[in-house]
Enquirer: 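Before I ask anything, let me first share the structure, which is written out below as C-alpha cells.
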2 protein chains.
Amino acid sequence: MGELRDSKKRETRQRISDVATKLFFARGFEAVTIEEIAAAAKVSKMTVFNYFARKEELFLDREDEVKQLLHRALAERPKGQDPIDALRALVDRLRAEKHPFARVDDQTVGWWRIVAASASLKARVRDIGDEAVEALAVELAGPRADGLARLVAGMIVLTWRTAYAEAVRVFAGGGSARKASATFVELIDRGFAAVRGLADR
Amino acid sequence: MGELRDSKKRETRQRISDVATKLFFARGFEAVTIEEIAAAAKVSKMTVFNYFARKEELFLDREDEVKQLLHRALAERPKGQDPIDALRALVDRLRAEKHPFARVDDQTVGWWRIVAASASLKARVRDIGDEAVEALAVELAGPRADGLARLVAGMIVLTWRTAYAEAVRVFAGGGSARKASATFVELIDRGFAAVRGLADR
DNA sequence: CGAGAAACTTGTACTCGGTACAAATTTTGT
DNA sequence: ACAAAATTTGTACCGAGTACAAGTTTCTCG
C-alpha cells in the first residue's frame with residue numbers, strides 16, 4: 001500500500017532538509033540558493049519546492065510543534081487548573097526536557113544567529129508567532145474568541161518570545177547558561193503575572 | 001542652490017506614490033507590478049527603486065511617524081508623569097485629532113484590507129512594530145535597555161496593535177464606528193493596566 | 001507477471017522584485 | 001555657454017517561486 005514510495009519520500013525530504021541545514025549553518029540563509037540545495041541533495045529545484053513550499057521552511061520545520069505543545073498543555077491539564085498555570089508548567093517541562101524552545105545553549109544560539117541575520121527568516125518566525133497567538137486565543141476562549149482573548153494570547157506569546165530573545169542575548173554576550181536560564185524564567189514569570197492580572201475581572 | 005532639482009524630485013516622488021496608491025486600492029498590492037507603477041508615473045522602473053527601496057514602502061510611508069509620535073509623547077510629557085500615562089494621553093490626543101493610528105473608519109478599514117490581503121505587507125507592518133518596540137524600550141530605559149524594558153515596550157505595542165485590529169474587526173463586521181471606538185479604548189485600557197502592573201516593583 | 005493507472009520528478013520557460021553598472025540626460029555653478 | 005555633479009535610464013543580470021507538459025518510478029489488479 002505504498003510502503004516503498006512513502007519511505008523514499010521521507011528519505012528524500014529528510015535528505016533535502018539535512019543538506020539545506022548544513023549549507024545554511026556553513027554560509028547563512030540568504031547566501032545559499034535553492035538550486036545549490038537541489039544539486040547537493042541530487043534532486044531538481046522543482047522537487048525541493050514539492051516538499052517545501054518556501055525557502056524558509058527548509059530552516060523552520062518545527063512550525064506545527066509550537067501549536068501542538070500549546071494545545072496539548074491546555075487540553076491535558078488537570079481539571080480546574082488555570083490556563084496560564086498550565087502554560088507555566090509547560091515551560092518547566094520543556095526546560096527539564098532541554099527542549100530548544102525553552103533552552104539556550106551553543107546550538108540554539110547558533111541557530112538563532114542565522115535567523116537574526118536574515119530578514120525573511122525573522123519575518124517567518126514572527127508569522128509563526130502570530131499563528132500561535134490566533135490558535136491560542138481559540139484554545140482559551142473557543143472559536144468565538146474576542147479581543148481580550150487575543151490580547152491575552154498575544155501577551156503570552158510575546159512574553160515567551162521576549163524571554164527567549166533576552167536569554168539568547170545574555171548567553172551570546174558571554175553570560176553563563178545558568179544566567180541565561182535565570183533571565184528566561186524571570187521574564188516568563190513577570191510576563192505571565194501581568195497576563196494573570198489581565199485575564200481576571 | 002538646487003531649488004528646481006529638489007522640487008522636481010519631490011514632485012516625482014509624490015507622483016509615484018500617488019499612482020501606486022491608486023493602483024493598489026484598485027487591484028490590491030500583489031497584483032500591481034513595479035513596472036506598471038513606473039509606466040503609469042511616466043518614469044523608469046529604476047527610478048521607482050531610487051525613491052522607494054522596496055515595494056512595501058510605496059504603501060507604508062508612515063514608518064517614521066510611529067516612532068516620532070511615541071518619542072515626542074514621552075519626551076514632552078509633563079515632569080513626573082508616568083510614561084504609560086503619557087502614552088495613554090497620546091491615544092486620546094490621536095483620537096481627538098482623528099489620526100488614522102487611533103481611528104477606524106471606511107478609509108482606514110479599506111487600507112487595512114489591502115494590508116491584510118498581502119503577506120509581504122503584513123510582514124512589513126510587523127517589522128515596523130518591532131522597530132517601534134526597540135525604540136520604545138530605549139526611550140523608557142535608556143540605551144542599556146534590559147529585558148524587562150523590552151517586555152514592557154512589547155506589551156505596549158502589542159496592546160495598541162491588538163486594540164486596533166479588534167476595532168477594525170468590529171467595524172468591518174458591521175459594528176458602528178462608535179462601537180469600534182469603544183472596543184479600541186477598552187482594550188487599550190486593559191492592556192495598559194497590565195503593563196502598569198508589570199512595570200512596578 | 002505484466003499493463004495501465006497513479007504518483008512523483010524533471011526540464012523548460014516564465015514572472016516579478018531587486019541589484020549592478022555604465023551610458024544618457026538634466027540641472028547647476030561659474 | 002560649458003564643464004561638473006546629480007539624476008534618470010537601459011540593459012543585463014540574479015534568485016525565489018509558478019505553470020505546465022513530458023518523463024520516470026511505483027503501485028494495483030487482473
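A, B, ... follow the sequence lines: proteins, then strands. Residue 1 opens every chain.
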Enquirer: Determine, for B:Glu166 against B:Arg169, whether the closest basic-nitrogen to carboxylate-oxygen distance falls under 4.0 angstrom.
Expert: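 Between B:Arg169 and B:Glu166 there is a salt bridge, with a charged N closer than 4.0 Å to a carboxylate O.
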Enquirer: Could you tell me how far apart B:Asp6 (CG) and D:dA5 (P) are, to the nearest whole angstrom?
Expert: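 After rounding, the gap between these two atoms is 18 Å.
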Enquirer: Mind checking if B:Phe52 touches a base, just sugar-phosphate, or nothing, with heavy atoms under 4.0 Å?
Expert: nothing
Enquirer: At less than 4.0 Å, is any side-chain N or O atom of B:Arg54 found next to OP1 or OP2 of C:dT19? Yes or no.
Expert: yes
Enquirer: Does OP1 or OP2 of C:dT10 have a side-chain N or O of A:Ser44 closer than 4.0 Å?
Expert: yes
Enquirer: May I ask you to evaluate whether A:Thr47 reaches the phosphate of C:dT10, defined as a side-chain N or O under 4.0 Å from OP1 or OP2?
Expert: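 For C:dT10, OP1/OP2 do have a side-chain N/O of A:Thr47 under 4.0 Å.
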Enquirer: For the pair made of CD in B:Glu35 and P in D:dG10, what is the distance, rounded to whole Å?
Expert: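 To the nearest whole Å, that distance equals 10 Å.
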Enquirer: For a quick test of reading the model: is some side-chain N or O of B:Thr33 closer than 4.0 Å to OP1 or OP2 of C:dC16?
Expert: no
Enquirer: Taking NZ, NE, NH1 and NH2 as the nitrogens, is one of them in A:Asp105 or A:Arg103 under 4.0 Å from a carboxylate oxygen of the other?
Expert: yes
Enquirer: Do A:Asp127 and B:Arg126 sit within salt-bridge range, that is, some charged N less than 4.0 Å from a carboxylate O?
Expert: yes
Enquirer: A:Met46 has a side chain; which of C:dA20, D:dT18, D:dT25 sits nearest to it?
Expert: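 Per side-chain heavy atoms of A:Met46, the pick is D:dT18.
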Enquirer: If I take atom NZ in residue A:Lys42 and atom P in nucleotide C:dC8, what distance separates them, rounded to the nearest angstrom?
Expert: 23 Å
Enquirer: Within the structure shown, what part of the strands sits under 4.0 Å from A:Val32 by heavy-atom distance: base, sugar-phosphate, or nothing?
Expert: sugar-phosphate
Enquirer: Checking only heavy atoms, does the side chain of A:Lys45 share a donor-acceptor pair with the base of D:dG17 at less than 3.5 Å?
Expert: yes
Enquirer: For a quick test of reading the model: is some side-chain N or O of B:Tyr51 closer than 4.0 Å to OP1 or OP2 of D:dT8?
Expert: yes
Enquirer: Rounding to a whole Å, what distance do you find between B:Glu11:CD and D:dT7:P?
Expert: 15 Å
Enquirer: Side chain of B:Lys8, heavy atoms from C-beta onward: which of C:dT27, D:dT18, C:dT10 has the nearest atom to it?
Expert: C:dT27
Enquirer: Should the pair B:Phe25 and B:Phe59 be assigned to parallel (<30°), tilted (30 to 60°) or perpendicular (>60°) ring geometry?
Expert: tilted
Enquirer: Just the rounded figure in Å: distance from P of C:dG17 to CZ of B:Phe49.
Expert: 7 Å
Enquirer: Rounding to an integer number of Å, can you tell me how far B:Glu56 CD sits from C:dG18 C1'?
Expert: 11 Å
Enquirer: From CD of B:Glu57 over to C1' of C:dG18, roughly how many Å is that when rounded to an integer?
Expert: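 Between C1' of C:dG18 and CD of B:Glu57: 13 Å.
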Enquirer: Reckon A:Lys9 has a side-chain N or O less than 4.0 Å from the OP1 or OP2 of C:dC8?
Expert: yes
Enquirer: In whole angstroms, how far is the C1' atom of D:dA21 from the CG atom of A:Asn50?
Expert: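 Going from A:Asn50 (CG) to D:dA21 (C1'), I get 14 Å.
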Enquirer: Angle between ring planes, B:Tyr164 versus B:Trp112, binned at 30° and 60°: parallel, tilted or perpendicular?
Expert: tilted
